[in-house]
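The structure appears below as structure tokens.
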Amino acid sequence: MASSVRDEFTKGLWRTVPPFRLVLGLCPTLAVTTSGINGMGMGLATTFVLIFSNLFVSLLRKLIPTQVRIASFIVIIASFVVIVELVMQAYFYQLFKVLGIFIPLIVVNCIILGRAEAFASKQSAILSLADGLGIGIGFTISLFILGLIRELLGAGTLLDIPVMWASFEPFTFMLKPPGAFVALGILLALMNLISQLQARKGGSR
Amino acid sequence: MGEFLLLMVSAVLVNNILLIRFLGNCPFLGVSRSMDTATGMGMAVIFVLTLAGMITWLVHTYILVPLSLEYLRTIAFILVIATLVQFVEMVIQKTAPPLYEALGIYLPLITTNCAVLGVAIINIEEGYDLVTSIFFSFASACGFALALVLMAGMRERFALVAIPKAFEGTAIGLVTAGLIALAFSGFVGLV
């Protein structure tokens, strides 16, 4: 039992890390990762919703009729999104402003509905909680890394601290929408490359 | 009329919903593998988004605002959209079977297309009136369809070229999307 909980938790960190492996939840991944902080804020908000929607979908899975399950999942998810929206507006107003429309749009983040449908509606509450936590943290780390890369190249700073040499010419392309697509594409290719190298090493052994 | 033309150009080219605003990217990469699916999805989105833009505006103005329940906007809109999609699916199935054949499989996917909810929210936040909202929804959906078809046209050619192994599939799709977006950013300043 303990090992399967750990399995469900760790699979979200590498094997099925959402924006890369599953190619889900791309809109927030591309839109808000103009800096490390923004990426992390979005990731944490999504993680919160994911954990609680997984938990409640799992707890209610025997009560929800199959025909209306998608609608029921959406209502559960939307309720937690509204909570996040109101909390962020009250306590993290700056971040709320920056993330803007993408906070209400957590409702339609396919990762959350996908986990509810594929995992939480079939598994026990503890496993679903571990799954939500793992996938959520994987998503947050991915967004944070992508944000850091774009911030470093696009503005020459890391977490708002200048780190590049004085004559560094910021590569503003990275902060613009096209840069988001290209940066994510290259990161994805790098991850594929690492997996391929690992597979080759495993094969020759 | 000139104002609407400006809004159209702005929504389709300058602030393209897929490439510049980043709404609706999951279906963008998912269904852009062939021209047929891209056109089908594009048409379905134009149809649903225009209707959804109108209905969510009405719901917001005549139900949520009088009852001062604006904070329930997200829940209300997503329910309206989910119901609308189901309803449209049933109506098309009964009245226009050929259209259902063409759009059928894309309709359920639209519920979780963030472009629909996104445009509904933009309509409210920008304070558009009913006619402008409908028009903006329609124009945004046209921009979505345009980008999707362009992308599908490019991706169909990938079958014929040698792509580095690590870039196969989604990775090259993202880089291509980046280059299309770069081309679209040339339209900035048009409006």
Side-chain angles (χ1 to χ4, degrees), chain A residues 19-33 68 70-71 73-79 81-82 84-86 89 100-114 117 173 176-197, chain B residues 15-30 71-79 81-83 85-86 108-122 125 163-185 188:
Chain A
F20 300 114
R21 294 280 192 235
L22 306 176
V23 202
L24 290 177
L26 281 181
C27 306
T29 308
L30 292 164
V32 303
T33 50
V68 293
I70 299 286
F73 296 164
I74 290 181
V75 174
I76 294 174
I77 297 168
S79 316
V81 171
V82 173
V84 168
E85 224 180 321
L86 295 176
Q89 199 167 3
I101 191 173
F102 287 94
I103 298 180
L105 286 181
I106 295 175
V107 179
V108 281
N109 187 323
C110 357
I111 296 172
I112 300 178
L113 192 61
E117 165 76 6
F173 168 74
K176 298 258 168 58
F181 282 112
V182 175
L184 187 63
I186 292 175
L187 263 183
L188 189 64
L190 273 179
M191 279 188 75
N192 286 342
L193 195 66
I194 295 173
S195 296
Q196 280 164 15
L197 290 179
Chain B
N15 282 316
N16 188 288
I17 188 164
L18 263 177
L19 300 167
I20 309 296
R21 283 191 201 259
F22 294 125
L23 295 173
N25 272 298
C26 299
F28 180 49
L29 290 159
Y71 64 91
L72 288 181
R73 188 178 68 188
T74 313
I75 297 189
F77 280 14
I78 191 70
L79 282 179
I81 292 167
T83 326
V85 171
Q86 284 270 301
L109 290 175
I110 293 182
T111 311
T112 51
N113 182 335
C114 46
V116 182
L117 183 60
V119 168
I121 293 173
I122 293 174
E125 297 206 328
I163 296 166
K165 202 154 188 303
F167 271 99
E168 269 170 18
T170 316
I172 192 75
L174 282 165
V175 175
T176 316
L179 296 179
I180 302 179
L182 195 60
F184 268 72
S185 58
V188 174

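Note: hydrogens, waters and symmetry copies are ignored here, and every other heavy atom, side chains too, is used.
- When every heavy atom of P178(A) is checked against every heavy atom of A181(B), the shortest pair comes out as CG-C, 3.8 Å.
- When L105(A), V182(A), V82(A) are compared by the number of non-hydrogen pairs under 4.5 Å with chain B, L105(A) comes out ahead.
- Taking all atoms of both residues into account, the shortest heavy-atom contact from I75(B) to A78(A) is CG1-CB, 3.6 Å.
- For L117(B), the parts lying under 4.5 angstrom from a heavy atom of chain A are both the backbone and the side chain.
- Here the CD1 atom belonging to I101(A) is positioned 4.0 Å from the CD1 atom belonging to I122(B), to the nearest 0.5 angstrom.
- For chain B, no part of Q89(A) is nearby; none of its heavy atoms comes within less than 4.5 Å.
- Residue E85(A) comes nearest to T74(B) through the heavy atom pair OE1-OG1, 3.0 Å, listed as atom of the first residue, atom of the second, then distance.
- In plain terms, the two heavy atoms of I20(B) and P177(A) that are nearest each other are O-CG, 3.8 Å.
- Chain A forms more heavy-atom pairs under 4.5 Å with one residue of F22(B), F167(B), Y71(B) than with any other, namely F22(B).
- Counting heavy-atom pairs closer than 4.5 Å to chain A, the top residue among A82(B), G173(B), G118(B) is G118(B).
- The shortest heavy-atom contact between E117(A) and F73(A) is OE1-CE1, 3.7 Å.
- L18(B) touches chain A through its backbone: at least one of N, CA, C or O sits under 4.5 Å from a heavy atom, while the side chain does not.
- Only the side chain of L113(A) comes within contact range of chain B, judged by heavy atoms closer than 4.5 Å.
- The residue among V32(A), I103(A), V107(A) with the most heavy atom pairs within less than 4.5 Å of chain B is V107(A).
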